[in-house]
Amino acid sequence: IKDLFDEDTFPLEIRSRFTDSLKTAELRVTLTEGLEFIGADYGRDDTGKAIFLGTIDTEKQFASLSLVRDAQAKVQSGDEVLATLTIRVKGVALGMSEGS
């Protein structure tokens, strides 16, 4: 566990835990006040090639993802990264206070 301070950034990986690989995915992510989305990227295989194609729209505290598996992407199952969203802390400190 790490305290986060104003302007700190961190990645949020969205993973599939299904035993079969997904062909499509529709996701909506909402952040609490004090956090905002600043970037997004598709999940990638071990060669760096994007596994999914589609749209990732982020607007401050909301993200909408519509993903379709690239027909040529290597099929993985069980623990596949669908997308990675980059989040920034805005105007607050999040974490445990000193002395806790």
Side-chain angles (χ1 to χ4, degrees):
I1 297 176
K2 175 184 159 189
D3 289 344
L4 296 170
F5 300 94
D6 190 30
E7 298 300 320
D8 282 352
T9 63
F10 61 95
L12 172 65
E13 287 186 341
I14 299 175
R15 294 181 169 268
S16 168
R17 300 289 186 174
F18 296 107
T19 55
D20 294 323
S21 62
L22 296 176
K23 292 183 181 177
T24 63
E26 290 280 335
L27 304 161
R28 306 288 180 266
V29 181
T30 304
L31 295 175
T32 189
E33 188 175 329
L35 299 174
E36 69 179 1
F37 292 110
I38 60 168
D41 194 17
Y42 301 105
R44 299 187 177 276
D45 64 18
D46 53 1
T47 69
K49 182 175 178 1
I51 299 169
F52 290 90
L53 305 172
T55 60
I56 301 176
D57 296 320
T58 58
E59 184 179 321
K60 301 272 183 189
Q61 293 177 296
F62 305 99
S64 174
L65 298 84
S66 298
L67 307 174
V68 176
R69 180 178 296 279
D70 183 337
Q72 297 181 11
K74 184 173 121 181
V75 174
Q76 302 174 24
S77 61
D79 192 26
E80 184 171 64
V81 176
L82 304 177
T84 301
L85 303 173
T86 305
I87 299 169
R88 177 172 47 208
V89 178
K90 287 301 296 175
V92 296
L94 304 172
M96 300 172 56
S97 61
E98 289 188 35
S100 297

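Counting heavy atoms from C-beta outward, L4 and L35 have side chains that stay 4.5 Å or more apart.
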Sequence neighbours excluded and cut-off under 3.5 Å, please list the side-chain donor-acceptor pairs for residues 50-65, or say none.
unit_1, atom_1, unit_2, atom_2, d
Q61, NE2, T32, O, 2.9
S64, OG, R28, NH1, 3.1

Scan the side chains in residues 82-91 for donor-acceptor partners under 3.5 Å anywhere in the protein, sequence neighbours excluded, and list what turns up.
unit_1, atom_1, unit_2, atom_2, d
R88, NE, E36, OE2, 3.1
R88, NH2, E36, OE2, 2.7
K90, NZ, E7, OE2, 2.8

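Partners of T24 under the side chain to side chain donor-acceptor pair (under 3.5 Å) rule, at least two apart in sequence or in another chain, do not exist in this structure. A search for side chain to side chain donor-acceptor pair (under 3.5 Å) contacts involving K49 returns D70, not counting sequence neighbours.
In this structure, CG on L27 lies 6.0 Å from CG on L67, to the nearest 0.5 angstrom.
One hydrophobic cluster, built from ILVMFWY side chains closer than 4.5 Å, cannot hold both V29 and I38; they sit in different ones.
Across R17, R69, R44, a single residue satisfies salt bridge (charged side-chain N to carboxylate O under 4.0 Å, His left out) together with E80, and that is R69.
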